[in-house]
Amino acid sequence: MSKLLLVETKLHLRDGWYLLFAIGLPLLLLQFLGKVAGPAFPALMVMLSALTLSFSVLPGVLAAYREQGVLRRMSTTPVSPLRMLTVQLVINLVVGIVATALLVAFGPGVPRNVAGFVLVFLLGSAALMAMGLVIAAVAPNGKSAPIIGSAAMFPLMFVAGMWVPREYLPEAVRVIGDYSVAGPFAQALSATWAGQAPQLPHLLVLAAGLVVFGALAVRVFRWE
């Protein structure tokens, strides 16, 4: 596992163009809009970074491996789907931590409930990345993976209240958002940023998302 993690980390650093989107875009938006946007805006930028990693970066890498035959060759080694997917999740989670640290360092403020924020960030990011792993597990090539990921990401952003504040959304959309992983993630991040404790239902949805989608990704994973 450690050797695989080291090799994959080197490959990610070598092809690090995606950092411009996962780290640079939220940071730029925060710099230009952070002082005039609402108090929840920094937390939403943290989620935007996690969404970008989960649905654009992560699926694209594994799908490109599948297209290039890398996964087919790895299938003859002791590397299991669980190990491969876990390594990808860990690497992208570390990138998300770096992105979040920069957003906090250069943003207009810091989370008032630091412990709660860290818990929500780690659990929510891992749950979103587990959803991205399902796409990565079946996407046939590197071109289709980001398209599928975007088709999933933008509706999640909508029901989470990133386009329109939740209070202006129809009741049915708010209910969908409450169980979408992205919705509870956004609400819990905003709450902890404001100094409140994360609500137990939000944490349960995030934990369930991590377990369910993580298990599904391992189940449907294809080497080729």
Side-chain angles (χ1 to χ4, degrees), residues 12 16-30 33-34 37 40-62 85-107 110-111 113-114 116-136 145-146 148-163 166 177-193 198 202-203 205-214 217:
H12 276 69
W17 60 267
Y18 64 87
L19 297 178
L20 295 176
F21 297 96
I23 297 179
L25 179 60
L27 189 58
L28 284 175
L29 289 174
L30 188 61
L33 301 176
F41 190 72
L44 292 179
M45 290 301 96
V46 170
M47 192 178 76
L48 176 61
S49 176
L51 283 166
T52 303
L53 287 168
S54 301
F55 293 98
S56 294
V57 176
L58 195 158
V61 170
L62 274 182
L85 295 175
T86 299
V87 164
Q88 296 300 322
L89 188 149
V90 169
I91 291 173
N92 283 276
L93 189 58
V94 170
V95 174
I97 291 172
V98 173
T100 300
L102 291 174
L103 287 168
V104 171
F106 295 100
V110 298
N113 182 350
V114 176
F117 178 83
V118 171
L119 171 63
V120 169
F121 167 76
L122 292 176
L123 187 58
S125 295
L128 287 178
M129 289 175 187
M131 297 174 72
L133 286 175
V134 175
I135 299 173
I148 299 171
S150 296
M153 182 176 74
F154 288 106
L156 285 174
M157 294 171 69
F158 177 73
V159 299
M162 291 194 69
W163 303 126
R166 273 180 51 85
D178 288 339
Y179 297 95
S180 66
V181 174
F185 189 27
Q187 294 177 65
L189 281 175
S190 298
T192 54
W193 194 281
H202 293 161
L203 296 178
V205 171
L206 297 180
L210 173 58
V211 173
V212 171
F213 288 105

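Small disclaimer: the values here were computed from a predicted structure and weren't measured. We count residues from 1, following the sequence as given.
Taking all atoms of both residues into account, the shortest heavy-atom contact from Val134 to Phe213 is CG2-O, 3.4 Å. In terms of heavy-atom proximity, Leu210 sits nearest to Ala130 at O-CB, 3.9 Å. Taking both residues in full, the closest heavy atoms of Ala136 and Leu62 are given as CB-CD1, 3.7 Å, listed atom of the first, atom of the second, then distance. Nearest heavy-atom pair, Leu51 versus Met162, reported as atom, atom and distance to 0.1 Å: CD1-SD, 4.1 Å. Nearest heavy atoms, Gly209 versus Ala127: C-CB, 4.3 Å. In this structure, Arg166 and Gly161 approach most closely via the heavy-atom pair CG-CA, 4.2 Å.
Leu133 contributes atom CG, which lies 8.0 Å from atom CG of Asn92 (distance to the nearest 0.5 angstrom). Note that CG of Leu128 is 10.0 Å distant from CG of Leu123, once rounded to the nearest 0.5 Å. A distance of 9.0 Å separates OG in Ser54 from CE in Met131, rounded to the nearest 0.5 Å. Atoms CG and CD, from Leu93 and Gln88 in turn, are 12.5 Å apart once rounded to the nearest 0.5 Å. Remark: Leu44 CG to Leu103 CG distance equals 11.5 Å, nearest 0.5 Å.
A search for side chain to side chain contact (heavy atoms under 4.5 Å, CB included) contacts involving Val98 returns Ile23, Leu102, not counting sequence neighbours. Here Pro184 pairs with Ser180, His202, Val205, Leu206 under the side chain to side chain contact (heavy atoms under 4.5 Å, CB included) rule; sequence neighbours left out. Residues that satisfy the side chain to side chain contact (heavy atoms under 4.5 Å, CB included) test with Val114, not counting sequence neighbours, are Val118. The ring-ring contact (aromatic ring centres under 6.0 Å, His included) search around Phe55 returns none, not counting sequence neighbours. Annotation: side chain to side chain contact (heavy atoms under 4.5 Å, CB included) contacts of Leu119 (sequence neighbours excluded): Leu203.
The side-chain heavy atoms of Pro111 and Thr192, taken from C-beta on, include no pair separated by under 4.5 Å.
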Legend entry - Check against side chain to side chain contact (heavy atoms under 4.5 Å, CB included), Val95 and Leu53: CA-CA 8 Å; Val95 174; Leu53 287 168; 3.8 Å; yes
Legend entry - Derivation and outcome, side chain to side chain contact (heavy atoms under 4.5 Å, CB included), residues Phe185 and Leu189: CA-CA 6 Å; Phe185 189 27; Leu189 281 175; 3.6 Å; yes
Legend entry - side chain to side chain contact (heavy atoms under 4.5 Å, CB included) evaluation trace for Ile97 with Leu122: CA-CA 8 Å; Ile97 291 172; Leu122 292 176; 4.1 Å; yes
Inset, instruction - Test Phe117 against Val110 for side chain to side chain contact (heavy atoms under 4.5 Å, CB included), laying out the working first. - result: CA-CA 10 Å; Phe117 178 83; Val110 298; over 6 Å; no
